**Student:** 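I am attaching a structure below and will ask some questions about it afterwards.
Nothing here was measured: the structure is a model prediction, and the numbers come from that model.
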Amino acid sequence: ADTTVLQFPGLTWGHLDLKNVGALAETDVRQALDFATPREQIIEKVLGNTAQPAAADQAPGSGYASQRIHPRPLDLDQSAAHLTAAGFTRAEIGHWSRDGVALEIDLWGEQGDTQAEAILTTIGKSWSAAGIATRINLAPADVLWGPTGYQFNDRLTAGFYRWANVNDPDDMYYWHSSQIPTWPGGPGGNLLAFFNPFSFQSEIDDLTSRAAAQTDPVLRKNIYLQIQDLLHEQVPVIFLFWDYGYSAVSNTIGNYLPSAFTYLLWNAREWYQTEPE
């Protein structure tokens with residue numbers, strides 16, 4: 001009763017990495033998966049509304065976050081249309097297939113992370129309803145992210161995890177070809193393109209390089225808006241949600257303003273104390 005809990009946009013985002021191999025290297029297939037993913041259900045049922053839907057990789061509280069793109073809604077008809085455009089067919093009851101091979105994707109998450117397991121289960125049920133076969137796999141962190149982890153096998157995989165941004169919007173680490181590991185477990189954040197560079201690799205290389213080098217804030221923001229447009233169109237990962245941040249403060253403290261982008265005490269000189277009621 002004597003404490004207020006404040007909610008604010010955070011820097012941590014949950015997403016599904018889509019390995020750039022086979023059918024997952026096709027934009028129509030990735031968009032179909034995006035349309036089959038129940039973000040709102042995950043946020044409400046698994047996260048207890050402690051997050052907001054994600055459409056790209058810039059935090060909602062950031063001045064670089066795009067306001068012109070929005071997460072794709074859950075729409076199994078749209079998902080089916082994109083898979084049909086990609087040449088897949090579906091029996092009246094069953095999964096999508098092409099050239100006699102079913103569309104089957106392994107869903108991976110960290111063992112012991114109860115939210116990860118619940119999120120993957122929710123996604124698996126929705127994808128199954130959309131005609132996409134899934135298998136859920138959980139592994140310890142050292143196995144999941146190690147050189148024998150799911151990113152380095154030759155199967156179609158989608159891995160769930162959270163990643164935390166920093167204040168600067170530079171996202172070369174995620175998408176640039178210089179960040180593609182040259183061996184399993186090697187350095188670099190663009191593990192998705194380990195087997196094959198993205199079809200839009202030259203475009204994302206150019207944009208991320210120019211954005212990182214640009215010092216004019218207006219011009220720089222414009223490039224990051226273009227990057228977010230490209231990511232939303234191409235869906236190299238399925239952006240699921242941005243976690244909210246929370247901070248608790250005594251009701252006797254005024255002008256306490258938490259932020260994900262600076263230290264807790266950033267405006268401490270402006271706090272004031274009141275007598276408890």
**Student:** For residues 1-11, dump all side-chain donor-acceptor pairs below 3.5 Å to protein atoms at least two apart in sequence or in another chain.
**Tutor:**
residue, atom, partner, partner atom, Å
Thr4, OG1, Asn251, OD1, 2.5
Gln7, OE1, Tyr246, OH, 2.8

**Student:** Mind checking whether Ser177 and Pro197 have side chains closer than 4.5 Å, heavy atoms only?
**Tutor:** no

**Student:** Can you tell me how far apart CD1 (Ile132) and CD1 (Ile105) are? Round to the nearest 0.5 Å.
**Tutor:** 6.0 Å

**Student:** Can you confirm whether Asn49 sits close enough to Tyr244 that some side-chain heavy atom of one is under 4.5 Å from a side-chain heavy atom of the other?
**Tutor:** no

**Student:** Within the 4.5 Å heavy-atom criterion, are Ile123 and Ile136 side-chain neighbours or not?
**Tutor:** no

**Student:** Distance from Asn137 atom CG to Thr157 atom OG1, nearest 0.5 Å?
**Tutor:** 9.5 Å

**Student:** Treat each ILVMFWY residue as a node, draw an edge where side-chain heavy atoms are under 4.5 Å apart, and state whether Leu265 and Phe261 are in one component.
**Tutor:** no

**Student:** For Asp113 and Glu117, what are the C-alpha separation, side-chain angles and deciding distance, and is it a side-chain contact (heavy atoms from CB on, under 4.5 Å)?
**Tutor:** CA-CA 6 Å; Asp113 182 344; Glu117 185 173 5; over 6 Å; no

**Student:** Begin with the C-alpha distance, continue with both residues' side-chain angles, and end with the deciding distance and a verdict on side-chain contact (heavy atoms from CB on, under 4.5 Å) for Gln228 and Asp57.
**Tutor:** CA-CA 7 Å; Gln228 290 169 82; Asp57 69 344; 4.3 Å; yes

**Student:** Looking only at non-hydrogen atoms, find the nearest pair between Ala25 and Asn20 and report the distance.
**Tutor:** CA-OD1, 3.2 Å

**Student:** Considering only Ile, Leu, Val, Met, Phe, Trp and Tyr, and joining two whenever side-chain heavy atoms are under 4.5 Å apart, list the other residues clustered with Trp108.
**Tutor:** Trp13, Tyr64, Leu144, Trp145, Tyr150, Tyr161, Trp163, Tyr173, Tyr174, Trp175, Leu192, Phe198, Phe200, Ile204, Leu207, Ile223, Tyr224, Ile227, Leu230, Leu231, Val237, Phe239, Trp242

**Student:** Would you say the side chain of Met172 lies within less than 4.5 Å of the side chain of Ser209, judging by non-hydrogen atoms?
**Tutor:** yes

**Student:** Between Asp168 and Arg220, is there a side-chain N and carboxylate O pair less than 4.0 Å apart?
**Tutor:** yes

**Student:** Give the minimum heavy-atom separation between Ala158 and Leu18, together with the two atoms involved.
**Tutor:** CB-CD2, 3.7 Å

**Student:** After noting the C-alpha distance and the side-chain angles of Leu156 and Lys19, does the key distance pass the side-chain contact (heavy atoms from CB on, under 4.5 Å) rule?
**Tutor:** CA-CA 7 Å; Leu156 302 186; Lys19 186 189 301 175; over 6 Å; no

**Student:** State, with a plain yes or no, whether a side-chain heavy atom of His95 is found less than 4.5 Å away from one of Arg90.
**Tutor:** no

**Student:** Under a 4.5 Å cut-off applied to non-hydrogen side-chain atoms, are Phe241 and Ile119 in contact?
**Tutor:** yes

**Student:** Examine Ile69 and Ile238 and state if one hydrophobic cluster contains both, with Ile, Leu, Val, Met, Phe, Trp and Tyr joined whenever side-chain heavy atoms are less than 4.5 Å apart.
**Tutor:** no

**Student:** In Å, rounded to the nearest 0.5 Å, how long is the span from CD of Gln179 to CG of Asn190?
**Tutor:** 8.0 Å

**Student:** Please examine the side chains of Leu83 and Val29, heavy atoms only from C-beta on, and report whether any two atoms are closer than 4.5 Å.
**Tutor:** yes

**Student:** Calculate, to the nearest 0.5 Å, the distance between atoms CD and CG belonging to Glu270 and Asn255 respectively.
**Tutor:** 6.0 Å

**Student:** Can you tell me how far CH2 of Trp271 sits from CG of Asn267, rounded to the nearest 0.5 angstrom?
**Tutor:** 7.0 Å

**Student:** Give a yes or no on whether Leu240 and Leu24 share a hydrophobic cluster (residues Ile, Leu, Val, Met, Phe, Trp, Tyr; joining criterion: side-chain heavy atoms under 4.5 Å apart).
**Tutor:** yes

**Student:** What closest approach, in Å, do Ala118 and Val46 show between heavy atoms, and which atom pair accounts for it?
**Tutor:** CB-CG1, 3.8 Å

**Student:** When rounded to the nearest 0.5 angstrom, what distance separates CG in Asn222 from CG in Asp216?
**Tutor:** 10.0 Å

**Student:** Regarding Thr84 and Trp96, is there a side-chain donor-to-acceptor distance under 3.5 Å anywhere?
**Tutor:** no

**Student:** Closer than 3.5 angstrom, by distance alone: can the side chain of Thr208 be matched with the main-chain N or O of Asp171 as a donor-acceptor pair?
**Tutor:** no

**Student:** Shortest non-hydrogen contact from Arg39 to Ala54?
**Tutor:** NE-O, 3.4 Å

**Student:** Please evaluate residues Ile43 and Gln41 with respect to the criterion side-chain contact (heavy atoms from CB on, under 4.5 Å), reporting the C-alpha separation (whole Å), side-chain torsions for both, the decisive distance (0.1 Å), and the verdict.
**Tutor:** CA-CA 5 Å; Ile43 291 170; Gln41 185 179 348; over 6 Å; no

**Student:** Ignoring hydrogens and geometry beyond distance, is a side-chain donor-acceptor pair present between Thr27 and Gln234 at under 3.5 Å?
**Tutor:** yes

**Student:** Are any non-hydrogen side-chain atoms of Leu47 and Gln115 less than 4.5 angstrom apart?
**Tutor:** yes

**Student:** So which atom in Asp243 and which in Arg162 form the shortest heavy-atom distance, rounded to 0.1 Å?
**Tutor:** OD2-NE, 2.7 Å

**Student:** Taking the six-membered ring for Trp and the full ring for Phe, Tyr or His, determine whether the centres of His82 and Phe35 are under 6.0 Å apart.
**Tutor:** yes

**Student:** Looking only at non-hydrogen atoms, find the nearest pair between Pro181 and Gly188 and report the distance.
**Tutor:** CG-O, 3.8 Å

**Student:** With no hydrogens and no angle check, do the side chains of Tyr256 and Ser247 hold a donor and an acceptor under 3.5 Å apart?
**Tutor:** yes

**Student:** Are Leu138 and Leu107 co-members of a hydrophobic cluster defined by side-chain heavy atoms under 4.5 Å apart?
**Tutor:** yes

**Student:** Flag the pair Arg98 and Glu26 as a salt bridge only when some basic side-chain nitrogen lies within less than 4.0 angstrom of an acidic carboxylate oxygen.
**Tutor:** yes

**Student:** Using side chain to side chain donor-acceptor pair (under 3.5 Å), reason through Trp127 and Ser79 one step at a time and then give a plain yes or no.
**Tutor:** CA-CA 10 Å; Trp127 284 12; Ser79 179; over 6 Å; no

**Student:** Among pairs that include at least one residue of residues 67-86, which meet salt bridge (charged side-chain N to carboxylate O under 4.0 Å, His left out), considering only residues two or more places apart or in two chains?
**Tutor:** Asp34-Arg72, Arg68-Asp229

